[in-house]
Amino acid sequence: MTISIEPLISEAEIRARVVALATEIAPRLQPGTVVVTLLKGAFIFASDLLRELARHDLDIHLDFMALSSYGNDTRSSGRLLINMDCQKLVENRDVLLLDDILDSGNTLAFAVEHMRFKGAEQILTCVLLDKPSRRQTPFQADYVGFTIPDLFVVGYGTDYAERFRELPFIGHLKE
Ligand code: IMP
Ligand code: MG
């Protein structure tokens, strides 16, 4: 079985969208907002988006959280495990959650609930990719980079069995 990757979203397209997203999001970030990046998938998206946000002269704090779902990887079980919680106090602060892909919705729904439990004020969510046709838990992100069909994608942080995260573009897997 050979794996081939069909390009879906180019580096240039990602770049342009990330710049536009930062311009949209920046005015809504109150001083002291904690930006929580979900690992590992969102790490490249976050590093590009955050450097664009830096052009908007904001007072933001960065943190990270790692979640995983129980059971196998292809079908989300809806039960989430916190592998690493964020360290910053988010009580009475605004939070911006960043993730790579909004798929079943289970991960972000859980992350929002978790931030609410920790006492966060306003919680905003931003994802690079949204696959609305795959939703199990109703969820709408405040900011979406690209809405895509039900394809398994890799690159720009997203993986297939921990491979291809380093690709600078988004591709979809063909076997
Ligand atoms: P969900 O919304 O809880 O189903 O999970 C979203 C997470 O599943 C994302 O953060 C990704 O880590 C992973 N995921 C969903 N779809 C894909 C894909 O097409 N390629 C790689 N990872 C994916
Ligand atoms: Mg992920």
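Order of appearance sets the numbers: ligands from 1, and atoms from 1 within every ligand.
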- Message: Any non-hydrogen side-chain atom of Phe45 less than 4.5 Å from a side-chain atom of Leu21?
- Response: yes
- Is it the side chain, the backbone, both or neither of Lys131 that has a heavy atom closer than 4.0 Å to ligand 1? side chain
- Message: Give me the atom names and distance for the closest heavy-atom approach of Ala42 to Leu98.
- Response: CB-O, 3.7 Å
- SG of Cys86 to CE of Met115: how many Å apart, nearest 0.5 Å? 3.5 Å
- Item | Per-atom contacts of ligand 1 with Leu151, taking only distances under 4.0 Å to non-hydrogen atoms | 19 (O)
- Task: Number the atoms of ligand 1 from 1 as they appear, then name those within less than 4.0 Å of a heavy atom of Gly105, with their elements.
- Result: 1 (P), 2 (O), 4 (O)
- Query: What pairs of residues pass the side chain to side chain donor-acceptor pair (under 3.5 Å) test when at least one of them lies in residues 147-156, not counting sequence neighbours?
  - Reply: Asp48-Tyr156
- Message: For a quick test of reading the model, state the closest non-hydrogen atom pair linking Thr23 to His56 and the distance between them.
- Response: CA-CE1, 3.8 Å
- Query: At a non-hydrogen distance cut-off of under 4.0 Å, which region of Asp100 contacts ligand 1 (side chain, backbone, both, or neither)?
  - Reply: side chain
- Under a 4.0 Å N-O cut-off, is there an ion pair linking Lys40 with Asp159? no
- Val153-ligand 1 polar pair, N/O distance under 3.5 Å: yes
- For Gln140, does the CD atom sit with more than 12 other heavy atoms under 6.0 Å from it, leaving out its own atoms? no
- Message: One residue to check: Asp99. Relative to ligand 1, which of side chain, backbone, both or neither has a non-hydrogen atom less than 4.0 Å away?
- Response: side chain
- Would you mind running through ligand 1 and noting each atom that sits below 4.0 Å from a heavy atom of Phe152? 17 (C), 18 (C), 19 (O), 20 (N), 21 (C)
- Message: Check contact between Gly41 and ligand 1, using heavy atoms of the residue and a distance below 4.0 angstrom.
- Response: no
- Of the listed options Thr107, Asp130, Leu39, closest to atom 3 (O) of ligand 1 (non-hydrogen atoms): Thr107
